[in-house]
Every structure is written in structure tokens, then in C-alpha cells.
There are 2 protein chains.
Amino acid sequence: MPTIHDVAKKAGVAPITVSRVINNSGYVSDHVRTKVNAVIDELGYVPNVIARSLKSKRTNTIALVITDITNPFFNILARGVEDAAFKAGFNVIICNTDESQEQEDNYIQLLLQKRVDGILLVPAETHSQSIELLRKHNTPVVIIDRYVENGGVDVVRGDSESGAYQLTKFLIDLGHKRITLLSGPDTVSTSIDRVRGYKQAMCDHHLNEFVDYFYGKYSQESGAQLTREIFSRKEKPTAIFGGNNLVSIGALSALRQMGIKVPDDVAVVSFDDIPESLSYDPFMTVISQPPYAIGQKATEILVSRIKNDQDVPVEFQEVVFPVELIVRESSGGKVN
Amino acid sequence: MPTIHDVAKKAGVAPITVSRVINNSGYVSDHVRTKVNAVIDELGYVPNVIARSLKSKRTNTIALVITDITNPFFNILARGVEDAAFKAGFNVIICNTDESQEQEDNYIQLLLQKRVDGILLVPAETHSQSIELLRKHNTPVVIIDRYVENGGVDVVRGDSESGAYQLTKFLIDLGHKRITLLSGPDTVSTSIDRVRGYKQAMCDHHLNEFVDYFYGKYSQESGAQLTREIFSRKEKPTAIFGGNNLVSIGALSALRQMGIKVPDDVAVVSFDDIPESLSYDPFMTVISQPPYAIGQKATEILVSRIKNDQDVPVEFQEVVFPVELIVRESSGGKVN
DNA sequence: CTTAATTATGGTACCGTTACCATATTATCA
DNA sequence: TGATAATATGGTAACGGTACCATAATTAAG
């Protein structure tokens, strides 16, 4: 593979001159420029950005550390990231942690070695030592989807608390009292916020005695299992609030197995929508977050951090996207 | 950020010795090793793999160039790639081309500059100059999901032709004659193969006169639009065969808008399943491909190509995964 | 016409690692 | 006991670029 030296030699100039042609920097005569470009084409020379990075200390690469690219929320978010990154001249390395702190740590270590210019992180736990580590190495981070206890980071997320409140209130207004929330891990801010919003709504409507929620996992299995457990109790809920799309789908499939009809026997509502491009007949009443916009915004902030390197320390932002209640069939109608 | 020299200085040894400690290579006394490791921890030294790459000419990074990470087929495939890559010690850069040859070219150029060790490519067109370019630069490629006219590449894909045949035959066995196939772009091997399998099935059952197919795009909009066009003709089909999941969902939504009932008024079948984790009530009769396995296998082949660098030229493989017919409601029952 | 500014090009060193070779010390063996 | 091998460590150069400084040639200015 030819190097800048090969090109220089063949064109009869110094390597630095070729560098100037490639980067359109400094002074180069038209005559030399033409000659050099001709040689570049002839040899099929492609600049080695590794070498460039070593000098410039920039890799033009960012990393997106999420739990699972397979989750529609995250893959749409990833698309928002990729589009914004490409526009800004960055490539994106994708890492799946499956909510495992250990896997997150592994990746952060690798990414530090790779000297990525910045990291978009969905942290596995609310107290993130990853952030401290990255700070120590001057690697900009933007936290997505969740917030953390550590201060001094940019955060871009949806409004889980308000969303949960709205969804719960919606059910209450329909006449539901026994509403069970199947939340995610209690180490994750979204799970906690959703519980908080739910509790607040129950409390505001004097339904404290009916407050009933579980922390589990953000997975189909967790949703299904918790649903089975709930329906094995004496008091059955009249409504189930799934902590995210996977949990809710798990709940629905468990209910179907048990022969319980939705929404006739029990109402089901959910956090996170299934993209309309994937469901031929949207059925679930949901709180919908804008994953594409979240990914895009987070990337823009990260890029600005990367570029502003040594500038005046701009204040850290917390961007909270509003969420939207979408009413469909699964929540059913008024309850007496 | 500390370098190997800083560590060496502080530990009172030469940089090369630190290198030996990091890489567990050569001879290092226990005493020195302990000392060096202590300094590494103290300074928070993280090896710079950029510099390492410059020497070793390995980046431990591969790229996955797909059309759209948002498509469930590709995001599950991406997960298979990421898992296999991580296991082999590689990171994955994701690139979305949206079926645009221009965007593909852009990315290939960037990836060459980045000196990725290999590329997994879903080519936009059947004659791929990307492959020639990569070959010229000695960058291993594995083609996924589609085949190309150029020889001398590894290909990992699903069996579109047989799948389309099975699906068409299934409809024919139900008594359908007027079966319309809404395929993808005619520049893409899967679209062409699906048409071929469909035609073959029609032909084998003496339904040549009913052969009716369209090349469009692999998108919801394309599916919806073609469906509207078809139903504005005098002769309406009794079954629609969507070229992929997005096309089929587009078809379903167009049918719903027109008040045409599925499967009562028209049967609908599709290539590519929606993962069960995303659909609470699977409805569509489909041919299902194994995207995770495809991604995984392709990555394994790519990694072996990368590692075998200068070995005897192993013959190129074409791995064709079998597909599976999954019968659900959308195809309805026997037709008289 | 001298001086200064602009244009054009090149030399050298360095970014952070590691391969290769050299050297020194200790252990092993005939 | 001297020779050989194994162990332990370091010096130097190179990977492929570019920043910085220097120099030469041309143009503009006074």
C-alpha cells in the first residue's frame, strides 16, 4: 500500500508537499498540485488516518455504548447518532452492554485505548465510575436515556417521570385503581423515574393503598414472568403498566397464554412505542419518546464538546425531551 | 495523558520494557513487572493503540456497511456481528447507506483511510466496484445478504430463491392464482432471486399467465404505493407477496386504508419476519431468515480472512442459509 | 533598486509504539 | 572451569503522517 513518500518520490516533490495537496493547506502551485493528484490517482494512494491521528490526537471516531442495538428504541437512536456523526465527520463504533456493568467497563477500557474522541453512554448503573474514568482521561461523554448521580456531565433523555405520570393518570381517569407497574432494574434512572411518576399520580388521586410496582429487567422474559406472578395473587390488577416496550410485549404474551383478554379483562399500557414501520396494526397505548432526536441531539452536544476542547468550560446541559401519550386499543375504555 | 515513556521514566526502566509488561512478551523479571504495573496504575496509563496500529498495521476494527440499522433484519444481524467481533477482539463501525451507491462509496473511502482490518458489506448494486477497490487495497471483504457479479469474494446470505418458491407454492396450494409479488430494487440480488423463485413456482404450477410482479424499493412507502396501484387495476390479486418486511407492512397499511380485509379479501405473505420480541400478536405468514446467524458467520469468515493474511489463498465460500416458512393468519385458508 | 511581503517548496523532528539487534547477567552443562 | 544457553534489559529506528522552521523565488511597495 503506497505511502505519502511513494507519492512524493514519483511526483518529484517532498512528502510535505503531497500533504499540502491532500489537505488543501499552505501554498502549492497549480502545476505541482496537478502532478501530485495525477500520481495519487495512478498509485491509488489513500491517506493513512492512523498516522494522522497519532500526530493530531484526533480519531474522528465516537462510540455509542448502549444496552442492545436490537431494542427498537436504541436502534432508532443509533440511527440518529450515526446520521449526526456522519454529518460532523465522525464514525461510530457500536457497543452492546446488555445492562452489564462489567461489559460496560470492558468497552470503556477498549475505547480509551482506541482514543475515540468522545463517548455516548447509556450507563448500566446510576453511579457511574465510567464517567470518572473518562473525565480523568479528558474524553468527552454524553449520557443518553438515563441520568447519573455524578455531576458534571451532559445528559440527553426523555421525560420518564412525566410520561409515567401521564400514563398512570390516563388509566386512573378511565376508572382504574388496581394498576400494577412492571418497571426495569432499580439501578437505572428511567426505572426509578417511572416508578416515581406512577407513585405521584396514584398519590395525587388518593390511590396510595393501591400502589403496586415491581423492579425487574427491561426484557420480555421479565415482563412475562412478573405478569404470571401478579396474576397468581389473590387480588388481580385491572391494568398493567409495562416499564418499556419489551416488558409490555412479555406481559401481553403471558396474558395470552393465561387466556386473559386485553383490554377486556385487563388494560395494558406501555412506555416506549414500537415504530409504526414495524407494526401493521398498532394496538398498544404508549408513552412515546423520540429516540432519533435523542440520539441526534446527544451527538451534536458531544461533537461540540470535542471541538471546544480547551475553550471556556461551558456549563453542562441536561436536555429532557418531552414525551407523548398515544392512546390505542390496549387500554380499553371506561371502567366502572 | 501519560505515555509509555512517562511510565518508563517513573519506573526507572526503558519504554520497551514497559511494552513487554503490557504485552506479556519477552523476558521481564517479576521485580520489574511489579514495579511497572504499580506505576501504570499510579499514572492511569492506557496504551495508545493508534500508535500500536501504525506499527502493526492492524486496527482491530471492522466495519459493517448495511442499508439501515433500523430495519430489524439488519439490526439483529448487526448484533450477531458485534457479538462475534467482540469475541475475536474487534470493534465494529456501523455505516448506513440507504441503498445509495454514492453513500456506499463515501463510506468505503473513509474506511480505507481508517485502515479497518476488514469490511462486511451489503452492496447497493450487483456489480460492485467497492469490491474491486477493496481488493486493490488488500482489505478483506465479506458480502452479506446479497451476492454480486464479481467473483472472488466470500458471501453469506439467506436462500431468497428457495424462500420465494416455498412461499409462492404455499399460496398456490391454498388455491391462489392471482399472486402479485412486490419485490425490491432490481439492482439487488435478493429482489431478483425472489422474483426468480416466484416465477419458477408459478411456472411449475402452470400459472405463467398469472405471473405479476413489480420491482420497487424495500420500504414501507414502496409497498403501500404499489399496493394502491395494483388495486386500482381491473384484475385484483387474491394474494400479495411482499418482498420484505417493510414492503409487506406498507401493503397491509394501504389495504387497511382501502378497507380491504386481510386475509378475508386478500392474502398477504412476506419475506422476512418481525422478531417475536417486537410483535405481541404475530400475524403474518412469512419466510424467515436467520439474521443473527448470518451476521455471526460472516464475521467469523471475515476474521479468519484477516488472520490468514498471507496464507495459502483459501477458496472463497458462499454460505447460503436455509430459510423457514412460518404460517400464520395473514395467508388465510383454502381458496376455491 | 532595495526592502519587504507573498508564494512555493523542503528539512527535520516528533506523535507513541514495537521490531530488531546488542549487551549484560545468571544458570546450565560437558 | 570455560562454553553455551537462558534470562533480562536497553538503544535505535521505523510505522506514515504533519507542525514548525528555513530557504528560495517571485511580486509588491516605497
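Chain A is the first sequence line, chain B the second, and so forth, proteins listed ahead of strands; every chain is numbered from 1.
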Can you confirm whether more than 12 heavy atoms, excluding those of K114(A), are under 6.0 Å from its NZ atom? yes

What do you reckon, is CG of D41(B) surrounded by more than 12 foreign heavy atoms closer than 6.0 Å? yes

How far does the helix from dC1(C)-dG30(D) to dA30(C)-dT1(D) bend, going by the axes of its first and last five pairs, to the nearest 10°? 40°

Tell me yes or no: between the side chains of T59(A) and D117(A), is some donor less than 3.5 Å from an acceptor? yes

Does one side chain, of Q103(B) or N106(B), offer a donor that lies under 3.5 Å from an acceptor on the other? yes

Say you draw a straight line from [atom1] of [X] to [atom2] of [Y]; how long is it, rounded to the nearest 0.5 Å?
X: F74(B); Y: I294(B); atom1: CZ; atom2: CD1; answer: 9.5 Å
X: R157(B); Y: I144(B); atom1: CZ; atom2: CD1; answer: 13.5 Å
X: K10(B); Y: K35(B); atom1: NZ; atom2: NZ; answer: 8.5 Å
X: N48(A); Y: R52(A); atom1: CG; atom2: CZ; answer: 8.5 Å

Which residue, K57(B) or S29(B), contacts DNA chain D at a nucleotide closer to its 5' end, judged by nearest heavy atom? S29(B)

Under 4.0 Å, heavy atoms only, any strand: does V28(B) hit a base, just the sugar-phosphate, or nothing? sugar-phosphate

Tell me what V13(A) touches on the nucleic acid: a base, only sugar-phosphate, or nothing, going by heavy atoms under 4.0 Å. sugar-phosphate

In a check of side-chain contact (heavy atoms from CB on, under 4.5 Å) between V65(B) and each of I94(B), L111(B), I93(B), which one passes? L111(B)

Length of the [atom1]-[atom2] vector between [X] and [N], whole Å:
X: D6(B); N: dC15(C); atom1: CG; atom2: C1'; answer: 13 Å
X: D30(B); N: dT7(D); atom1: CG; atom2: P; answer: 12 Å
X: I50(A); N: dG16(D); atom1: CD1; atom2: P; answer: 11 Å
X: I40(B); N: dG16(C); atom1: CD1; atom2: C1'; answer: 14 Å
X: K35(B); N: dT9(D); atom1: NZ; atom2: P; answer: 14 Å

Whether Y27(A) contacts dA8(C) is assessed here as follows: a side-chain N or O lying under 4.0 Å from the phosphate OP1 or OP2. Is that the case? no

Footprint string (nucleotides 17-25 of chain C, 5' to 3'): B base within contact, S backbone only, - free, heavy atoms under 4.0 Å: BBB------

